[in-house]
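The structure appears right after this line, and notes come after that.
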Amino acid sequence: DAGVIQSPRHEVTEMGQEVTLRCKPISGHNSLFWYRQTMMRGLELLIYFNNNVPIDDSGMPEDRFSAKMPNASFSTLKIQPSEPRDSAVYFCASSLGLAGGGTDTQYFGPGTRLTVL
Amino acid sequence: QKEVEQNSGPLSVPEGAIASLNCTYSDRGSQSFFWYRQYSGKSPELIMFIYSNGDKEDGRFTAQLNKASQYVSLLIRDSQPSDSATYLCAVINTGNQFYFGTGTSLTVIP
């Protein structure tokens with residue numbers, strides 16, 4: 001299996017621009033997670049989906065952030081408008097499910113390094 | 001109080017020694033516990049998961065879970081320079097929420 005695929009790997013944009021990050025989970029995985037990692041705050045869960053339905057978006061910092069999962073093989077995280085404080089590495093992860101017994105093990109994509117100038 | 005807490009380190013051990021990494025969590029009902037390793041500039045990768053009290057061994061790695069004291073630890077035996085990385089503890093709590101600790105930086109000195 002190809003693992004979790006994220007694009008782009010690097011994104012540099014200017015403040016105020018819209019940014020869209022993309023993720024393809026591992027085939028057969030039913031849960032998908034978006035994380036943000038910074039030196040100051042570590043790894044933070046932004047939102048996760050189960051069977052394409054958003055389950056918990058309490059980590060989404062504000063209305064500028066939105067995420068969608070239109071089907072089982074694709075998800076997007078959008079920031080509009082972007083701000084310099086959004087600069088971070090954004091990871092997507094997927095798991096078989098949420099039921100324990102190893103099914104809730106998350107596998108991470110390579111991440112997207114976002115820089116907002 | 002944070003959901004998951006780790007000593008940020010850095011922790012330095014000589015090659016061949018045992019490295020001990022610790023993690024505490026706040027939700028007593030949490031059921032799933034994970035250790036991830038993250039090399040600089042890379043994504044986290046799973047080392048092992050543990051669900052039951054006691055020890056779980058996988059090669060040079062041993063995870064220890066004590067639900068009564070709400071801690072989970074990772075022991076790395078015969079530490080190698082290639083083990084130098086940041087180790088992240090993760091917990092799924094009773095609300096099915098997934099929390100990572102801030103990580104412990106480990107350096108194995110040749």
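This is a predicted model, so every value here is computed, not measured.
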Checklist line | Heavy-atom side-chain proximity of A/Thr105 to B/Tyr36 below 4.5 angstrom | finding: yes
Note to self: Once rounded to the nearest 0.5 Å, what's the spacing between atom CG of B/Leu88 and atom CD of A/Gln37?
What the structure shows: 7.0 Å
Notebook entry, point to check: Does CD belonging to A/Glu83 count more than 12 external heavy atoms closer than 6.0 Å?
Noted result: yes
Notebook entry, point to check: Around atom CZ of A/Arg113, are there more than 12 heavy atoms of other residues, nucleotides or ligands at under 6.0 Å?
Noted result: no
Notebook entry, point to check: According to the interplanar angle, ranging from 0 to 90°, do the rings of A/Phe33 and B/Phe98 count as parallel (below 30°), tilted (30 to 60°) or perpendicular (above 60°)?
Noted result: tilted
Note to self: Counting only heavy atoms not in B/Asn53 (residues, nucleotides, ligands), do more than 12 fall under 6.0 Å from its CG?
What the structure shows: yes
Check: For the hydrophobic clusters of this structure (ILVMFWY residues joined by side-chain heavy atoms under 4.5 Å, transitively), does one cluster hold both B/Tyr87 and B/Ile50?
Finding: yes
Notebook entry, point to check: Closest approach of A/Phe91 and B/Ser43, non-hydrogen atoms and distance?
Noted result: CE2-CB, 3.3 Å
Next item on the list: Calculate, to the nearest 0.5 Å, the distance between atoms CD1 and CG belonging to B/Ile92 and A/Asp104 respectively.
Entry: 4.0 Å
Check: Which atoms of A/Leu45 come close to chain B, meaning under 4.5 Å heavy atom to heavy atom: side chain ones, backbone ones, both, or neither?
Finding: side chain
Margin query: Quick check: is B/Val4 connected to B/Leu65 through a chain of hydrophobic side chains (ILVMFWY, heavy atoms under 4.5 Å apart)?
Written below: yes
Notebook entry, point to check: Can you hop from A/Leu43 to A/Ile79 via hydrophobic side chains spaced under 4.5 Å?
Noted result: no
Notebook entry, point to check: Taking atom CD of B/Gln38 and atom CZ of A/Phe108, what is their separation to the nearest 0.5 Å?
Noted result: 8.0 Å
Checklist line | Side chain / backbone / both / neither for A/Gln106 at chain B, heavy atoms under 4.5 Å | finding: both
